[in-house]
There are 2 protein chains.
Amino acid sequence: MDIGTPAPRRRMRADARRNYERLLAEAAAAFAEHGADFSLEEIARRARVANGTLYGHFPTRRALLEALLGDRMRALAATGEELLPHPSPFDGLAAWARAAMAHTTIYRGLGAALMQAVEDETSELHTACKAVLAAGEGLVARARAAGEVRPDVTAPDLYALVNAAAWAGEQSSIPQGERLLTFGLDGFRTSATTRG
Amino acid sequence: MDIGTPAPRRRMRADARRNYERLLAEAAAAFAEHGADFSLEEIARRARVANGTLYGHFPTRRALLEALLGDRMRALAATGEELLPHPSPFDGLAAWARAAMAHTTIYRGLGAALMQAVEDETSELHTACKAVLAAGEGLVARARAAGEVRPDVTAPDLYALVNAAAWAGEQSSIPQGERLLTFGLDGFRTSATTRG
DNA sequence: AAATATATCGAGACAGTCTCGAGTTTTCCA
DNA sequence: TGGAAAACTCGAGACTGTCTCGATATATTT
């Protein structure tokens with residue numbers, strides 16, 4: 001559940017496990033503070049570990065991100081399912097979109113990673129992204145069936161909107177992300193005139 | 001007009017001018033090919049110039065970007081003014097937004113630079129961004145006055161939408177940028193129900 | 001063609017990514 | 001409990017990139 005203690009894949013030596021966890025903890029702090037392009041060398045330094053050790057545990061920056069995010073992503077997908085029986089399909093959709101944007105905002109630069117992971121099957125985040133996308137699809141389908149969003153709105157549209165809005169918010173000193181999300185969601189609505 | 005031959009600000013020695021232009025040409029090619037975070041060292045190498053020379057002409061990556069983009073940006077602002085008397089204020093706005101997105105798409109990573117430049121007064125790109133924003137403001141104001149977009153839509157919203165859509169398009173293998181732009185613009189319209 | 005102004009060069013300081021073999025711990029099991 | 005095998009850590013080093021600066025070279029001016 002908590003991102004601080006994800007399970008390594010197998011039995012590990014005690015010292016290895018300790019280092020693994022310290023690295024992850026430092027990475028979480030560093031990423032939260034400085035965004036997803038923080039120096040891996042510095043994470044190793046903070047965790048008081050040689051950088052070779054870091055690379056032993058996490059061969060790439062992406063591997064580190066994946067270890068950090070997996071559980072959170074699954075939680076987001078679960079939230080989507082919980083919102084499925086919302087009395088207003090559109091409002092359920094909107095609420096989930098806001099939750100998803102908040103999730104994307106925890107680390108600067110995360111939106112790009114998520115946009116790429118959803119298309120990249122070699123990414124370990126891929127499965128989690130697919131689950132998130134599926135959750136979005138459920139909400140979109142219901143809102144579409146209820147006639148509350150346009151028939152051509154898709155789950156990838158929602159996914160892209162959320163990530164793009166999160167991105168915009170990161171670039172701006174004003175809460176531009178929320179504004180964009182609101183406008184985008186309204187653009188999804190049936191009441192919006194379809195342009196030729 | 002053409003980005004290949006922008007005017008250096010003053011008289012330059014002949015060799016300096018030659019290097020300046022070669023650097024710019026290589027930078028344009030490299031940026032178009034690899035995006036805005038291309039290696040400056042490599043640009044110097046390609047232009048057959050020591051990297052100190054590159055830094056002499058363009059102290060920062062941003063300075064290089066500005067030299068590359070200034071004219072284009074001003075052209076975009078001009079396009080905005082031309083579209084001002086469009087018979088349908090909304091359509092004029094939409095047409096300009098599409099042109100602006102196309103502009104942002106010429107170099108990968110450019111959207112982020114533009115979002116930052118508009119808020120950063122020390123950026124060489126700042127003035128150009130302000131001009132673009134002003135052009136957007138003209139179009140938005142007219143559409144607002146005509147009752148075709150919601151009264152709370154601002155030029156920064158439009159600017160953010162364009163850049164965010166361009167960003168989304170870069171991340172995706174499908175034309176997600178255009179879709180997002182369309183939905184966002186529809187979200188701007190008066191006909192979209194305002195959510196509580 | 002000398003004097004002056006202007007540029008270029010490239011070494012070097014520094015930071016980051018990533019690899020690899022030597023050396024160190026832990027674990028296991030006799 | 002002790003020692004071999006397995007697992008892991010270490011950190012030097014190869015590489016790339018950013019950026020600076022003084023020595024050197026080249027254009028321009030008179």
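Every value quoted in this text rests on a predicted model; they were computed, and no experiment measured them.
- Note: CZ (B/Arg45) to C1' (C/dC9) measures 16 Å, nearest angstrom.
- Here the side chain of A/His57 is nearest to one of D/dG11, C/dA7, D/dT9, namely D/dT9.
- Stacking of B/Arg189 on the aromatic ring of B/Phe90 is recorded, both the 6.0 Å distance cut-off and the 45° axial limit being met.
- Here B/Arg22 does not pair with B/Glu26 in a salt bridge; the nearest charged N to carboxylate O distance is not below 4.0 Å.
- Using a 3.5 Å distance cut-off with no hydrogens or angles, the side chains of A/Glu66 and A/Ser123 do pair a donor with an acceptor.
- Side chains of A/Thr190 and A/Glu148: no donor on one and acceptor on the other come within 3.5 Å.
- In this structure, the CE atom of A/Met12 is 19 Å from the P atom of D/dA6, given to the nearest Å.
- Where A/Asp15 and B/Ala14 each meet DNA chain D at their nearest nucleotide, the meeting point lying more 5' is that of A/Asp15.
- Judged by distance alone, the side chain of B/Arg142 and the main-chain N or O of B/Leu84 form a donor-acceptor pair under 3.5 Å.
- The CZ-C1' distance, from A/Arg13 to C/dG23, rounds to 12 Å in whole Å.
- Regarding B/Ile43, its CD1 atom lies at a distance of 15 Å from the C1' atom of D/dT16, rounded to whole Å.
- A straight line from CG of A/Asp37 to P of D/dG17 spans 17 Å, rounded to a whole angstrom.
- Taking the charged nitrogens against the carboxylate oxygens, A/Arg144 and A/Glu137 do have a contact shorter than 4.0 Å, which makes a salt bridge.
- Aromatic rings of A/Phe31 and A/Phe38 (six-membered ring for Trp) have centroids beyond the 6.0 Å cut-off, not under it.
- The CD-P distance, from A/Glu21 to D/dT9, rounds to 12 Å in whole Å.
- As rounded to whole Å, 11 Å separates atom P of D/dT9 from atom CZ of A/Phe58.
- No contact: B/Arg18 has no heavy atom under 4.0 Å from any strand.
- Comparing D/dG17, D/dC10, C/dA7 by their nearest atom to the side chain of A/Ala50 picks out D/dC10.
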Would you tabulate the pairs of protein nitrogen or oxygen atoms and nucleotide nitrogen or oxygen atoms of nucleotides 18-22 of chain C closer than 3.5 angstrom?
unit_1	atom_1	unit_2	atom_2	d
C/dC18	N4	A/Asn51	ND2	2.8

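- Here C/dT17 presents its P atom at 10 Å from CZ of A/Phe38, a figure rounded to the nearest Å.
- Candidate nucleotides D/dG17, D/dA27, C/dT25 were compared by shortest atom distance to the side chain of B/Ser39, and D/dG17 ranks first.
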